[in-house]
Amino acid sequence: MSQQKRQSFRLAFPRSYHPLLFLAENTFTVCDASEFGVRFKHNDVILEVNTEISVHIKFPDGKHFPLKSKVIRNDKNFTCLELLTPIPLSKIRSEHLFIIKHYVNKDKQSTQSLET
């Protein structure tokens with residue numbers, strides 16, 4: 001049995017509902033986030049690992065947060081940031097509840113209506 005290495009909950013965003021990450025003149029799609037980390041699709045903009053950068057994250061509801069971060073990994077299509085300035089836990093929780101209400105329950109309801 002594998003052990004979870006993360007110390008905080010990571011929220012995955014649906015393709016049609018995701019925050020945007022702004023870095024200088026570039027805008028990126030956030031795939032998942034937690035209080036202390038963000039993973040975004042990097043669109044061929046590779047950032048050097050261990051570099052500290054300032055970014056803004058804007059959620060679909062219009063709320064945005066300036067964040068200090070450090071690049072910790074570049075994968076084939078994604079970049080991962082460790083957030084030195086965390087996203088408020090209350091925001092992560094409210095986004096989680098919104099996704100459950102608007103995305104997860106719709107799938108369950110459509111499945112239930114097919115069964116009856």
Side-chain angles (χ1 to χ4, degrees):
M1 185 161 127
S2 66
Q3 255 187 313
Q4 175 62 269
K5 293 182 182 180
R6 299 189 201 292
Q7 294 181 358
S8 58
F9 174 75
R10 184 164 292 273
L11 178 60
F13 293 96
R15 288 185 182 177
S16 61
Y17 181 86
H18 53 79
L20 297 175
L21 185 127
F22 300 94
L23 171 62
E25 297 176 6
N26 297 300
T27 303
F28 304 98
T29 301
V30 175
C31 302
D32 55 65
S34 72
E35 284 178 274
F36 303 104
V38 171
R39 183 173 68 104
F40 63 92
K41 190 164 176 124
H42 64 58
N43 303 327
D44 297 326
V45 175
I46 306 295
L47 302 170
E48 188 175 332
V49 173
N50 291 324
T51 302
E52 290 190 14
I53 57 174
S54 294
V55 298
H56 274 78
I57 188 168
K58 182 179 179 185
F59 288 89
D61 65 1
K63 292 185 181 171
H64 64 90
F65 301 92
L67 305 168
K68 291 186 186 282
S69 64
K70 181 169 80 171
V71 179
I72 57 171
R73 185 173 57 251
N74 287 301
D75 293 332
K76 183 178 179 184
N77 296 313
F78 302 97
T79 296
C80 298
L81 302 177
E82 175 186 358
L83 299 180
L84 307 174
T85 307
I87 298 171
L89 179 57
S90 60
K91 184 59 183 162
I92 297 295
R93 287 182 177 168
S94 69
E95 289 295 311
H96 185 216
L97 292 174
F98 182 89
I99 290 169
I100 289 171
K101 183 177 180 181
H102 291 90
Y103 291 89
V104 176
N105 290 338
K106 284 185 179 182
D107 292 339
K108 286 181 182 178
Q109 288 172 357
S110 63
T111 303
Q112 288 173 351
S113 66
L114 291 174
E115 292 172 355
T116 57

- Item | salt bridge (Lys or Arg N to Asp or Glu O under 4.0 Å) involving D75 - partner list, sequence neighbours excluded | R73
- Item | Closest non-hydrogen atom pair, V30 against F40 | CA-CB, 4.1 Å
- Item | Separation between OG of S34 and CZ of R39, rounded to the nearest 0.5 Å | 12.0 Å
- How long is the span from the CZ atom in R15 to the SG atom in C31, to the nearest 0.5 Å? 9.5 Å
- First locate atom CD of E52, then atom CG of L47, and finally report the distance between them rounded to the nearest 0.5 Å. 13.5 Å
When the side chains of residues 53-67 are checked against the rest of the protein, which donor-acceptor pairs come out under 3.5 Å, sequence neighbours left out?
residue	atom	partner	partner atom	Å
D61	OD1	K63	N	2.9
D61	OD1	K91	NZ	3.4
D61	OD2	K91	NZ	2.5

- Message: With a 4.5 Å cut-off on side-chain heavy-atom distances among I, L, V, M, F, W and Y, is there a chain of contacts connecting I72 to F78?
- Response: no
- Measure the shortest side-chain to side-chain distance between L23 and V45 over non-hydrogen atoms and say whether it is less than 4.5 angstrom. no
- Query: What's the spacing between E35 CD and L89 CG if we round to 0.5 Å?
  - Reply: 4.0 Å
- Do side-chain atoms of H18 reach the backbone of D32 as a donor and acceptor pair under 3.5 angstrom? no
- Under a 4.5 Å cut-off applied to non-hydrogen side-chain atoms, are T79 and F28 in contact? no
- Message: Using the rule given for side-chain contact (heavy atoms from CB on, under 4.5 Å), can you reason through F9 versus R93, listing the C-alpha separation, both sets of side-chain angles and the distance that settles it, and then say yes or no?
- Response: CA-CA 9 Å; F9 174 75; R93 287 182 177 168; over 6 Å; no
- What's the shortest heavy-atom distance between S69 and L81, and which atoms? OG-CD1, 3.7 Å
- Query: Same cluster for Y103 and F13 if Ile/Leu/Val/Met/Phe/Trp/Tyr side chains link at under 4.5 Å?
  - Reply: yes
- Task: Could I get the full list of ring-ring contact (aromatic ring centres under 6.0 Å, His included) partners for F36, not counting sequence neighbours?
- Result: none
- Item | Path from I92 to L84 over hydrophobic side-chain contacts below 4.5 Å | no
- Message: Just verifying a value: how many Å separate L11 CG and I100 CD1, rounded to the nearest 0.5 Å?
- Response: 8.5 Å
- Query: What distance do H42 atom NE2 and K76 atom NZ have between them, rounded to the nearest 0.5 Å?
  - Reply: 10.0 Å
